[in-house]
Every structure is written in structure tokens, then in C-alpha cells.
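Below is one structure, written out as C-alpha cells, with a few remarks after it.
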Amino acid sequence: MTKAELVLIVGSKGNYSYYLNNLSPSTSIIQINPQVTQFDNIATLNIKDEADNVFKKL
């Protein structure tokens, strides 16, 4: 994770602070989750929808 340029977080429920602490400050984070999560404030992009709906559109 220290070399990741992009992290995609899909529907997470849990504490993943270990992984976040190991990300480069330049890493972009995209979150797909209709709920409020711990990642809302740090994500580069928040997509507030169900993952199934988002992936159908890709």
C-alpha cells in the first residue's frame, strides 16, 4: 500500500486505519458507499451510491 497511487474503497464496514497510515500522502482515495464512513473526510472522491449501481455504469 505504500506505493499505491489509487485506493478504491467499496462498501467498507470496519476500522482500516492501519492501511491508511501506510499510504503515501499523494495517494488518491475513491470511496463507493451510500453510508457515512470514517473515509468521508479523507477520500479524494466520495460516490454515495450502492456499489452494484456504480459498477453497472462503468
Side-chain angles (χ1 to χ4, degrees):
M1 295 280 287
T2 58
K3 296 181 181 180
E5 294 179 18
L6 173 69
V7 173
L8 182 61
I9 302 171
V10 181
S12 66
K13 293 181 183 175
N15 186 347
Y16 300 95
S17 58
Y18 170 77
Y19 296 105
L20 296 177
N21 292 335
N22 291 309
L23 292 178
S24 165
S26 63
T27 302
S28 295
I29 300 172
I30 298 175
Q31 175 183 219
I32 302 171
N33 196 324
Q35 306 298 319
V36 174
T37 74
Q38 67 187 28
F39 304 111
D40 286 354
N41 293 329
I42 61 167
T44 308
L45 174 63
N46 283 298
I47 301 173
K48 294 296 187 183
D49 199 352
E50 298 285 334
D52 286 344
N53 295 333
V54 174
F55 285 115
K56 284 178 189 175
K57 295 175 184 177
L58 290 179

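Residue indices begin at 1 and follow the sequence shown. Bear in mind the structure is a predicted one, so any value in this text is a computation, not a measurement.
- By the 4.5 Å heavy-atom criterion applied to side chains, I9 and I29 are counted as neighbours.
- Among the candidates I47, V10, I30, the single residue satisfying the side-chain contact (heavy atoms from CB on, under 4.5 Å) test with V54 is I47.
- Side-chain contact between L45 and Q31 is absent, with no heavy atoms from C-beta onward closer than 4.5 Å.
- Summarising the local packing, CG of N41 is surrounded by 12 or fewer heavy atoms from other residues, nucleotides or ligands at distances under 6.0 Å.
- Contact between L6 and T27 at its shortest, heavy atoms only, is N-CG2, 4.1 Å.
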> Given V7 and L23, is the side chain to side chain contact (heavy atoms under 4.5 Å, CB included) satisfied, shown in steps?
Replying inline: CA-CA 9 Å; V7 173; L23 292 178; 3.7 Å; yes
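- With hydrogens and angles disregarded, no donor-acceptor distance shorter than 3.5 Å links the side chain of K48 to the backbone of I32.
- Interatomic distance, E50 CD to K56 NZ, rounded to the nearest 0.5 Å: 10.5 Å.
- Between P34 and D49 the shortest heavy-atom distance is CD-O, 3.3 Å.
- No donor-acceptor pair closer than 3.5 Å links the side chain of S24 to the backbone N or O of K3.
- In plain terms, the two heavy atoms of N46 and F39 that are nearest each other are OD1-O, 4.3 Å.
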